[in-house]
Structure formats: C-alpha cells, structure tokens
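Comments concern the structure below.
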Amino acid sequence: MPAASSAIALLNVISYRLFCLLVHATSPERLGEWRRWLQDSLGIARADFGTNRGVMLFESSEPMAQRAERLLDSGRLPFLIMDEAEDKVSLSLLQYPLWLGFARDPENPSNDYDYY
C-alpha cells in the first residue's frame with residue numbers, strides 16, 4: 001500500500017481538482033480497510049469519500065467502469081486501484097489511462113482466496 005499512497009499523493013499534487021480515486025475490492029471489509037488506510041496515510045476525512053467527492057469505493061467492476069467513464073467525459077482524471085483480493089481483473093477497467101493493481105503474495109497465500 002505504500003506504492004498506492006505515493007502514487008495518490010503525486011497525482012493529487014499534479015492535478016488536485018481533476019483527480020478522482022476509485023478503489024475496487026471484493027468485500028465491505030476490504031473496502032473498510034482501504035478507507036481507514038487512506039484516511040490514515042493521506043490525512044483525508046470521511047467526508048472525502050462518496051459519489052461526488054475525491055474517493056469512491058466499489059465492490060463490483062461494472063459500476064466502477066461506468067463511474068470512470070463519466071469522470072472522463074466530465075474532464076476529470078480517474079485513478080483506479082484494484083485490491084489484491086481480486087482473483088480476476090475486468091478488462092473494462094484496463095482501458096483507463098491510470099490504474100494500479102495489486103497481486104497476491106504467492107509465498108504467503110491466504111486460505112480465503114483461490115489462485116488461478
């Protein structure tokens with residue numbers, strides 16, 4: 001996650017008003033971890049999360065892709081982050097210019113997830 005915070009901080013400095021962060025994770029628990037981590041590492045508040053704010057959290061790739069498309073159409077810059085809990089990445093998310101995907105550590109597999 002340090003790589004994510006560095007990338008987010010850099011993009012925020014470069015294009016603060018245009019930048020929008022979209023995070024995709026498979027469960028509400030993982031999204032909660034991302035929210036807490038972003039709040040702690042970037043110093044943002046709970047009010048910064050939401051549909052018309054700087055950070056949006058998604059459990060499904062389809063609504064995330066739709067939101068990214070709307071952001072691009074309105075002149076904003078979406079930065080998509082795909083959580084390591086995802087076992088597959090939707091190709092619709094890879095069409096956007098800025099994205100960061102995390103892979104699971106094969107040396108430390110979790111019993112919760114299957115590897116393909």
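Values below: every heavy atom of this structure, side chains too, minus hydrogens, waters and symmetry copies.
The CG atom of Leu57 sits 10.0 Å away from atom CH2 of Trp34, with the distance rounded to the nearest 0.5 Å. Rounding to the nearest 0.5 Å gives a distance of 8.0 Å between CD of Glu59 and OG1 of Thr26. Rounding to the nearest 0.5 Å places CE of Met64 at 3.5 Å from CG of Leu80. If you take CG on Leu71 and CD on Gln66, they are separated by 12.0 Å, rounding to the nearest 0.5 Å. Distance check, rounded to the nearest 0.5 Å: CG of Asp73 to CD of Glu69 gives 5.0 Å. With values rounded to the nearest 0.5 angstrom, Arg76 atom CZ is found 6.5 Å from Ser74 atom OG.
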Problem set entry | Leu38/Asp48 under side-chain contact (heavy atoms from CB on, under 4.5 Å): CA gap, chis, key distance, verdict | CA-CA 10 Å; Leu38 289 167; Asp48 294 319; over 6 Å; no
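More than 12 heavy atoms of other shown residues, nucleotides or ligands fall within 6.0 angstrom of atom CZ in Arg70.
For Gln95, there are no side-chain hydrogen bond (donor to acceptor under 3.5 Å, both in side chains) partners, not counting sequence neighbours. With sequence neighbours left out, Arg35 forms a side-chain hydrogen bond (donor to acceptor under 3.5 Å, both in side chains) with Gln39. Applying the side-chain hydrogen bond (donor to acceptor under 3.5 Å, both in side chains) test to Ser92 and every residue at least two apart in sequence or in another chain returns Ser90.
The minimum heavy-atom distance between Phe79 and Phe19, with the atom names listed, is CB-CE1, 3.4 Å. A pairwise comparison of heavy atoms in Ala68 and Leu22 identifies N-CD2, 3.9 Å as the closest pair.
Looking at Met56 and Cys20, their side chains come closer than 4.5 Å, going by heavy atoms from C-beta outward.
Ion pairing between a basic and an acidic side chain is recognised when a charged N comes within 4.0 Å of a carboxylate O; Glu33 and Arg36 show no such pairing.
Ser27 contributes a side-chain N or O that, together with a main-chain N or O of Arg30, makes up a donor-acceptor pair within less than 3.5 Å.
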